[in-house]
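Below is one structure; the comments refer to it alone.
In what follows, every chain begins at residue 1, and chains take the letters A, B, ... in the order their sequences are listed.
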Number of protein chains: 4
Amino acid sequence: MKRIGVFTSGGDAPGMNAAIRAVVRAGIFYNKEIIGIYRGYEGMIEGDFVPMEVRSVSNILQRGGTILKSARSKEFLTAEGRTKAYEQLKKHNIDGLICIGGDGSFTGLHNLYKEHNIPCVCIPGTIDNDIPGTDYTIGYDTATNTAVNAIDKIRDTALSHNRLFFIEVMGRDSGYIAINSGIAGGAVAVIIPEEETSIDELIEKLNATGTQNKTSSLVIVAEGGKSGSAMEIAQRVKEKFSYFDTKVTILGHLQRGGTPTYFDRVLASKMGVAAIEGLDAGQTDVMVGIVHQQVIFNKFEEIMSQPKDIRKDDLRIAKILSI
Amino acid sequence: MKRIGVFTSGGDAPGMNAAIRAVVRAGIFYNKEIIGIYRGYEGMIEGDFVPMEVRSVSNILQRGGTILKSARSKEFLTAEGRTKAYEQLKKHNIDGLICIGGDGSFTGLHNLYKEHNIPCVCIPGTIDNDIPGTDYTIGYDTATNTAVNAIDKIRDTALSHNRLFFIEVMGRDSGYIAINSGIAGGAVAVIIPEEETSIDELIEKLNATGTQNKTSSLVIVAEGGKSGSAMEIAQRVKEKFSYFDTKVTILGHLQRGGTPTYFDRVLASKMGVAAIEGLDAGQTDVMVGIVHQQVIFNKFEEIMSQPKDIRKDDLRIAKILSI
Amino acid sequence: MKRIGVFTSGGDAPGMNAAIRAVVRAGIFYNKEIIGIYRGYEGMIEGDFVPMEVRSVSNILQRGGTILKSARSKEFLTAEGRTKAYEQLKKHNIDGLICIGGDGSFTGLHNLYKEHNIPCVCIPGTIDNDIPGTDYTIGYDTATNTAVNAIDKIRDTALSHNRLFFIEVMGRDSGYIAINSGIAGGAVAVIIPEEETSIDELIEKLNATGTQNKTSSLVIVAEGGKSGSAMEIAQRVKEKFSYFDTKVTILGHLQRGGTPTYFDRVLASKMGVAAIEGLDAGQTDVMVGIVHQQVIFNKFEEIMSQPKDIRKDDLRIAKILSI
Amino acid sequence: MKRIGVFTSGGDAPGMNAAIRAVVRAGIFYNKEIIGIYRGYEGMIEGDFVPMEVRSVSNILQRGGTILKSARSKEFLTAEGRTKAYEQLKKHNIDGLICIGGDGSFTGLHNLYKEHNIPCVCIPGTIDNDIPGTDYTIGYDTATNTAVNAIDKIRDTALSHNRLFFIEVMGRDSGYIAINSGIAGGAVAVIIPEEETSIDELIEKLNATGTQNKTSSLVIVAEGGKSGSAMEIAQRVKEKFSYFDTKVTILGHLQRGGTPTYFDRVLASKMGVAAIEGLDAGQTDVMVGIVHQQVIFNKFEEIMSQPKDIRKDDLRIAKILSI
């Protein structure tokens with residue numbers, strides 16, 4: 001293998017740039033040529049390629065976002081689109097691919113591999129930490145810290161008044177950010193997509209803590225759960241419960257950006273090196289994972305069939321600590 | 001004057017604790033007793049008072065919120081409420097008051113002064129910077145930095161995709177946070193309450209910058225302006241302008257909290273000392289201001305009749321730089 | 001077991017307050033009385049005890065340092081001192097102990113246990129991550145992020161000039177902070193206590209990267225290594241290598257403080273709950289560890305006999321990425 | 001005037017990139033060509049020039065350091081060096097210059113102007129805030145916040161033990177950072193270059209606060225003062241005063257880097273626009289200043305003859321609050 005293409009795909013996550021840098025530098029270390037592919041599968045179809053040197057990735061380790069940009073491509077969902085992409089790769093003599101992205105992106109690459117047999121390795125980059133086969137995904141540590149820093153600020157103002165805040169964090173199908181920012185933020189309750197929480201239970205909980213004369217409370221809500229959005233839940237609580245002055249904050253896209261933490265940079269660096277080494281050693285159709293500090297290569301099909309369970313014990317801890 | 005009451009009132013702002021600390025420490029320096037009044041006028045009416053020592057304000061300089069808590073009191077809006085409050089002050093031998101808050105709080109104190117003749121000095125604490133008679137209010141510097149840090153994170157993700165973000169910042173009647181976070185955040189447009197911006201103008205602006213091949217754009221919107229909320233404006237732009245993927249983030253209450261900047265701590269410290277020195281020197285019915293590094297004492301009535309104009313030149317700068 | 005004493009001992013670490021809070025709240029959840037012991041073994045000998053309620057730990061989750069304070073006690077190193085301490089515990093009906101600290105603190109508690117048979121559980125709190133029996137210690141994640149944020153700032157100025165910076169980080173016997181902040185900070189070389197690095201090797205490395213026309217380079221040095229301090233190494237490099245303008249920054253104690261990251265807060269919260277649950281279930285003379293997300297209880301003697309190895313593969317990654 | 005050269009010179013300061021961006025964008029707004037000159041006077045002599053577009057300054061507003069890099073040039077100190085530089089400017093048809101830097105850089109430009117009559121405007125960029133003719137210099141706000149954030153972290157650890165910290169901040173000839181970070185950091189004493197502080201006075205101060213049972217104290221020392229370095233002062237205090245465990249932290253170069261605050265970005269943006277408008281309106285041999293929110297143009301010679309006094313009242317406030 002001589003020329004390896006690298007691209008980012010799907011929602012961006014802090015640490016993607018550190019992963020790109022690691023792929024480029026490890027690639028050069030192992031005498032590969034590295035080609036950057038802009039805007040994910042869209043750029044692959046269009047042949048939007050650029051050779052990458054050490055210089056191309058200088059001073060990006062600490063930056064949020066992705067210098068290769070990301071996009072969603074409808075065309076790549078079709079076999080025709082994938083054939084076009086493959087022809088571009090062949091034309092540019094690219095004989096291996098490294099994709100940094102989430103599960104949607106992996107499915108696309110898996111299809112490309114099945115149809116055109118190009119060696120490929122994925123690196124899990126998503127703030128949601130919802131991908132099996134790895135303890136952590138790139139961006140999750142940073143996003144959770146961003147959420148917790150925002151919660152800290154909101155707590156300052158909640159404590160100064162008699163306020164109940166509903167704070168919506170990201171994690172459409174995954175309660176990781178919600179539970180961990182809930183524990184770290186001292187929330188009275190955490191509402192996650194994996195479980196349904198009834199308004200009555202929630203109000204009972206709020207009443208229980210209200211009697212302990214707290215002057216404020218924070219409830220963390222993961223977006224997109226069955227229990228409704230933070231706004232809807234707040235509305236229903238407000239109707240039944242007038243003691244507190246109820247407010248809602250939706251943290252939104254600020255959770256996606258920002259300087260990655262050391263953890264995400266190191267994780268991304270290790271995964272980037274592992275992707276190059278794996279590809280070189282003949283791994284293909286796999287996702288790099290780090291499980292208890294060890295690099296592993298997961299077959300795509302196994303990952304895609306597995307759900308990533310929320311750690312049940314974390315919920316238990318959140319409940320004990322919210323007395 | 002021997003016993004001075006201090007309280008925080010209205011919306012909290014980062015730096016209020018630094019102001020409380022300065023009032024307490026400067027009070028002790030000048031041999032006054034300082035009494036903390038909890039929950040603003042509500043606590044004043046209820047006699048929720050506590051003597052304050054150096055120890056009471058230790059390790060609070062760097063904390064957001066207010067250790068004295070804040071509240072809005074309907075009762076204090078009535079002459080009867082104010083008489084109750086005054087009786088509590090007399091009962092506890094409090095012969096001077098220092099209020100840290102916004103213009104609503106000042107009006108209350110002004111009425112108390114007119115009716116009961118108790119010496120009083122106000123310290124402007126509000127993130128909106130909408131109070132005349134001082135260059136800066138406590139909390140504005142921190143809140144603007146908080147907004148800009150959030151904008152920086154959002155820019156990371158906007159740049160990674162092809163996105164147009166509408167970011168709503170605080171400042172119901174005042175465009176200070178919006179304009180300054182717009183200049184500092186590199187916004188393509190800033191929408192403030194003091195001016196009406198038409199959607200057509202905005203779209204023209206976006207088109208002009210779009211032709212320069214930017215991959216993303218940020219528009220900063222102050223909450224509560226005539227032009228509508230960020231959500232409404234985004235909706236109208238979306239209808240006419242499909243090039244960008246449009247997103248909205250409402251920064252909300254996280255702008256009120258957080259560790260105050262050095263600027264807000266120093267401003268609060270100076271104003272706290274000035275309030276004690278002013279009260280001691282016979283100032284009453286005034287607000288402390290700092291204008292071009294000089295302490296001044298503004299008569300309430302003068303301040304309340306003045307509007308605080310947005311600095312026109314700042315808008316001009318924002319426009320030049322958003323080409 | 002009804003009354004449990006909790007204290008912090010040795011060097012403070014960010015997240016110790018979150019651990020204290022978890023011990024208090026989990027203790028109350030399980031119907032224990034929790035007694036705070038001030039200033040570690042010093043306060044234990046003096047009987048400096050205070051009952052702790054939910055209120056005692058309110059709003060401390062996000063604060064660096066330790067509200068129970070820490071100290072080193074010479075007297076506790078003697079059997080007489082420990083007997084005095086034990087008598088204070090008996091007098092106050094304390095029938096179990098939870099210690100948050102490093103290995104020196106654990107040895108003291110182990111001795112107390114052997115002599116007086118009081119049930120005790122330790123929680124590993126130290127920024128150095130140098131304790132076996134757990135993947136992470138409380139404070140390490142925060143300290144490494146603090147180091148990396150400082151490195152990021154120094155890189156800005158290094159890149160603007162033609163500079164070689166030697167940055168000394170904490171970790172007297174352990175290269176964890178150095179290696180991980182080196183990978184995350186993009187260092188050209190990392191010098192750790194576990195390995196000796198010759199100046200000639202270092203200069204060769206710098207020459208190799210210099211030829212790639214980098215305009216700046218960062219070398220991370222763990223304090224207290226065999227290779228000398230950052231200052232000494234910089235001096236020797238300077239003598240032989242004049243191309244760069246050489247500077248030294250010693251990060252020092254700022255690495256010990258600051259708001260803990262979400263990771264340290266969650267780790268501390270889990271360990272605090274586990275310590276209460278362990279003590280209640282009859283665990284004694286053990287240290288709580290979390291290994292691959294599972295709580296384990298390590299016997300003191302086993303931990304103390306084990307070295308904690310640096311992860312060899314991390315060094316390899318650091319070298320590959322510093323081409 | 002059609003082609004304007006812009007460069008950064010002397011020590012870098014956060015916000016310099018925002019100033020470069022503003023010069024480029026305002027230049028394009030006013031139909032000028034802007035030429036970036038790399039590495040200050042060194043690059044000017046070597047003709048290291050690059051045309052700058054909107055794209056050249058994209059996504060730099062929030063970055064520390066300077067994309068144009070900075071250097072000190074010995075050759076430019078000579079008339080021959082300046083003649084070489086002027087010839088390069090003429091060769092590239094550069095008919096105006098904007099320099100972002102400190103007073104040393106301004107002197108060089110003043111000499112170039114006197115000898116070769118090239119129109120030039122300076123923008124004050126230095127963290128020390130030691131330049132007359134403007135309320136603030138670019139970088140000072142950020143550097144002071146960086147110092148205060150470090151002090152906050154050190155306070156956490158100081159409070160957890162019984163510690164006296166001496167913290168050295170930048171400001172070789174100017175006590176601005178020291179005084180303001182001292183007020184904002186709650187220091188017990190501040191030692192500045194403009195005043196001599198005797199060790200006896202300092203110990204008296206420490207004794208006075210010690211009797212109030214503080215468990216820790218911070219002393220801020222500006223580097224390079226007559227009273228000695230933080231290390232020397234700490235040594236002398238230690239000899240006479242054993243109550244506290246004495247520690248020293250030298251903040252060093254991390255104060256020069258980091259993301260600029262909103263204040264520095266807005267200041268830099270305004271000064272960048274003003275420099276272009278001033279040059280276009282015929283201003284030359286001047287430094288842009290902003291005094292009480294108004295742009296002014298100061299003649300070089302006037303600035304260079306003036307000292308910038310420390311604000312005496314700030315020292316008074318620091319003393320009142322350190323009781």
* **With sequence neighbours excluded, residues passing ring pair (Phe, Tyr, Trp, His ring centres under 6.0 Å) with D:Tyr136** => D:Phe263
* Asked: Top residue by heavy-atom pair count (under 4.5 Å) with chain B, among D:Arg155, D:Arg265, D:Gln62, D:Arg316?
  -> D:Arg265
* Which answer fits D:Val273, side chain, backbone, both or neither, if we ask what part of it has an atom under 4.5 Å from a heavy atom of chain B? -> side chain
* Asked: Do D:Lys153 and D:Asp156 sit within salt-bridge range, that is, some charged N less than 4.0 Å from a carboxylate O?
  -> no
* State whether the side chain of D:Arg21 and the backbone N or O of D:Ile60 hold a donor-acceptor pair below 3.5 Å, judged by distance alone. => no
* Structure fact -> d(D:Arg256 CZ, D:Thr126 OG1) to nearest 0.5 Å is 6.5 Å
* Any donor and acceptor pair, going by atom type alone, linking the side chain of D:Gln255 with main-chain N or O of D:Val169 inside 3.5 Å? -> no
* Asked: With distance as the sole criterion, is a donor-acceptor pair present between the side chains of D:Asp128 and D:Ser174 under 3.5 Å?
  -> no
* To do: Mind ranking D:Asp313, D:Val291, D:Leu61, D:Val148 by heavy-atom pairs under 4.5 Å with chain B and telling me who comes out on top?
  => D:Leu61
* Can you say whether D:Leu321 sits under 4.5 Å from chain B via the side chain, the backbone, both, or neither, judging by heavy atoms? -> both
* Identify which part of D:Asp152 has an atom lying under 4.5 Å from any heavy atom of chain B, answering side chain, backbone, both or neither. => side chain
* Region of D:Glu277 that comes under 4.5 Å of a non-hydrogen atom in chain B -> side chain
* Asked: What part of D:Ala18 gets closer than 4.5 Å to chain B, counting heavy atoms only: side chain, backbone, both or neither?
  -> neither
* **Selection from B:Ile179, B:Val24, B:Asp314 maximising heavy-atom pairs under 4.5 Å formed with chain D** => B:Asp314
* **Residue D:Ile320 versus chain B: region with a heavy atom under 4.5 Å** => both
* Asked: Using non-hydrogen atoms only, which part of B:Thr259 is less than 4.5 Å away from chain D: side chain, backbone, both, or neither?
  -> side chain
* Heavy-atom distances under 4.5 Å only: say whether D:Asp135 touches chain B with side chain, backbone, both or neither. => side chain
* Could you tell me whether the side chains of D:Asp264 and D:Thr142 share a donor-acceptor contact shorter than 3.5 Å? => yes
* If we ignore angles and hydrogens, is there a donor and acceptor under 3.5 Å between the side chains of B:Asp141 and B:Thr261? -> yes
* Could you tell me which portion of B:Ile183 (side chain, backbone, both or neither) has an atom closer than 4.5 angstrom to a non-hydrogen atom of chain D? => both
